[in-house]
Amino acid sequence: MSEKFDIPFKSSFVPAVLEPGAKIKFNCHKGVSCFNACCKHADIQLTPYDILRLKDNLGISVTEFLKDHTVPYEMDKDGLPGVKLRTDNEGACLFVNDEGCSVYKDRPTACRYYPIGHMAMREAGSSEDEARYFLIREDHCKGHEEDREILVDEYRKEQEVEVYDQLNREWLQLMLKKKSAGPAIGRPSDTSLQFFFMCSYDTDRLRRFVLSDSFKASYDLDEKFYQTMENEDLALMQFGTRLLKQVLFGEVTIPVKDNATEKRIEERKEILEMRRKAEVELHKQKQEQQMKDALS
């Protein structure tokens, strides 16, 4: 519904571009005959901030939330991993009930925007991206027949979507940069894709990674930074985007310790040499045992 960078919606609506300052005629409430219908056929892409809000609402860890409430999918032809809300076998959102959305105050960005589609676009040669809005009209939705007009910006404020846009912005810009690079950067390795998933969505694993001895040996960051990473999910999420920019796109904003790369290579050599010696010793022991067995 929102935060997508094409218009690949799997529904019958016809998008209509909304000009700046446009009004929409729409209202959704319990009295509308189609109430909950959109939630019965949910296809909701989640952003990093969506995940933090939802897992806090449910009082569970990110690991549990990803396992029980999401399904993975590929966002582009290069296999960039995304996550969507899990649905039941009929396609209904697991959070919908007769009263509406059970996680309404922490509902995802896409749900807040509906029936507006939101895309980040960047003109050729421009360094700045701009938001573009589209009106989504689906056959089942009767909210468009309600007698209320509202400006797009007022609707965004009403749905409290601005904080979501603000906190998702850097990550969405990264997606746009990857998309605009096209085939120039090639398909990421499996390791890079796993790294992207961890930094974007799996903040539990990201926290363990950032607090590890190997990370601390590589990056020149103070103890206050690590205390923040240990205790503040939002700061950790935002750092994950910075880390992605640095590791995958070369935008260096995180200081690296002197000779950290050389040290990692040297440590890797030592590990490989230890493994080689262990394998040689094991092979030697097997040969000696075989000779003993042959003589006995």
Is any side-chain heavy atom of Glu64 less than 4.5 Å from a side-chain heavy atom of Leu58?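 Heavy-atom side-chain distance check fails, nothing below 4.5 Å.
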Indicate yes or no: at least one non-hydrogen side-chain atom of Leu234 is less than 4.5 angstrom from one of Tyr49.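 In contact.
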List the residues meeting side-chain contact (heavy atoms from CB on, under 4.5 Å) with [X], not counting sequence neighbours, and say none if there are none.
{"X": "Arg205", "value": "Phe197, Met198, Asp202, Arg208"}
{"X": "Lys142", "value": "Val32, Ser33, Cys34, Glu145"}
{"X": "Asp153", "value": "Arg156"}
{"X": "Leu151", "value": "Lys23, Glu154"}

Specify whether Tyr201 and Trp171 have parallel, tilted or perpendicular ring planes, treating 30° as the upper limit for parallel and 60° as the lower limit for perpendicular. perpendicular
Indicate the ring-plane relationship of Phe215 and Phe209, choosing parallel, tilted or perpendicular according to the 30° and 60° boundaries. perpendicular
Candidate pair Phe225 and Phe239, rule ring-ring contact (aromatic ring centres under 6.0 Å, His included), full reasoning: CA-CA 10 Å; Phe225 164 82; Phe239 180 73; 4.9 Å; yes
Are Asp43 and Lys84 ion-paired here, with the side-chain N under 4.0 Å from a carboxylate O?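 Result for this pair is yes, salt bridge flagged.
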Residues two or more places apart in sequence or in another chain: which of them pass side-chain hydrogen bond (donor to acceptor under 3.5 Å, both in side chains) with Lys105? none
Suppose we screen for salt bridge (charged side-chain N to carboxylate O under 4.0 Å, His left out). Which residues come up paired with Arg53, at least two apart in sequence or across chains? Asp106
